[in-house]
Amino acid sequence: MSSDLPGHDSGTPLGLVVLVSGSGSNLQALIDASASADAPFRVRAVGADRDGTGGVERAERRGIPTFVARVQDYVTRADWDLDLERQVSAARPDLVVSAGFMKVLGPAVLGAHRAVNTHPALLPSFPGAHAVRDALEHGVRVTGCTCHWVDAGVDTGPIIDQRAVRVEEGDTLESLHERIKVQERRMLVDVVGRLAADRSWQNA
Ligand code: GRF
């Protein structure tokens with residue numbers, strides 16, 4: 001494809017703000033994939049909704065700016081949303097990536113930025129914070145992960161990509177989630193790479 005065509009990557013890396021709540025292995029996959037000079041995206045900042053996350057530690061180790069916005073530190077959730085938007089916007093991202101961020105993004109953030117989320121189940125099955133447990137308890141034989149655009153709902157936005165993972169005999173919550181996360185990290189890096197290569201979504 002010619003680089004003159006609208007929507008084609010002009011060569012500037014896609015700037016990301018990645019939001020985390022936990023260990024940050026999905027964030028790490030993005031950081032690792034963006035390490036080379038010609039990588040299609042860069043992690044400009046990492047934000048968390050709580051103190052002491054592995055995700056923020058991973059970012060600090062790589063010299064990536066970080067911030068924390070804890071809902072309980074604000075008078076209202078709307079105040080939290082506004083301040084999160086301010087801190088996200090300060091990094092001037094092209095895309096926000098919710099990678100294990102355990103909060104629903106509010107109208108201020110979503111009004112200012114396009115965002116994608118990674119979820120450890122095959123949506124629309126098992127939305128919410130306990131997707132792996134819910135899938136296991138339901139007895140499904142195949143589950144997986146989903147990357148989707150974020151809208152105002154809980155794990156409801158348009159699906160971009162999915163990967164399937166078989167539930168094995170004797171799987172525990174931990175063993176199943178670990179296998180899902182292996183696929184989730186690959187999916188997320190693929191999706192963000194594709195969104196960096198074809199930016200027509202920025203005009204949609
Ligand atoms: C991922 O499975 C994510 O989908 C879920 O929590 C996990 C976060 O893992 N919401 P990590 O923090 O990226 O290691």
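Computed from a predicted model, the values in this text were never measured in an experiment. Just follow the structure's listing: the first ligand is 1, and inside any ligand the first atom is 1.
Note that Arg114 lies outside the cation-pi zone of Trp201, set by a 6.0 Å cut-off to the ring centre and a 45° limit from the axis.
Under 3.5 Å, the side chains of His113 and Ser89 contain a donor-acceptor pair of N or O atoms.
Annotation: ligand 1 has protein neighbours Gly22, Ser23, Gly24, Ser25, Asn26, Gly100, Met102, Thr118, His119, Pro120, His177, Lys181, Glu184, each with a heavy atom less than 4.0 angstrom from the ligand.
Residues Val68 and Asp51 are in side-chain contact: their nearest non-hydrogen atoms beyond the backbone lie under 4.5 Å apart. In this structure the side chain of Gln162 never reaches within 4.5 angstrom of the side chain of His148, judged on heavy atoms.
Rounded to the nearest 0.5 Å, atoms CD (Gln183) and CG (Leu188) are 13.0 Å apart.
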Side-chain donor-acceptor distances from residues 23-31 under 3.5 Å, at least two apart:
from, atom 1, to, atom 2, distance (Å)
Ser25, OG, Arg185, NH1, 2.9
Gln28, OE1, Arg58, NH1, 3.3
Gln28, NE2, Asp32, OD1, 3.0

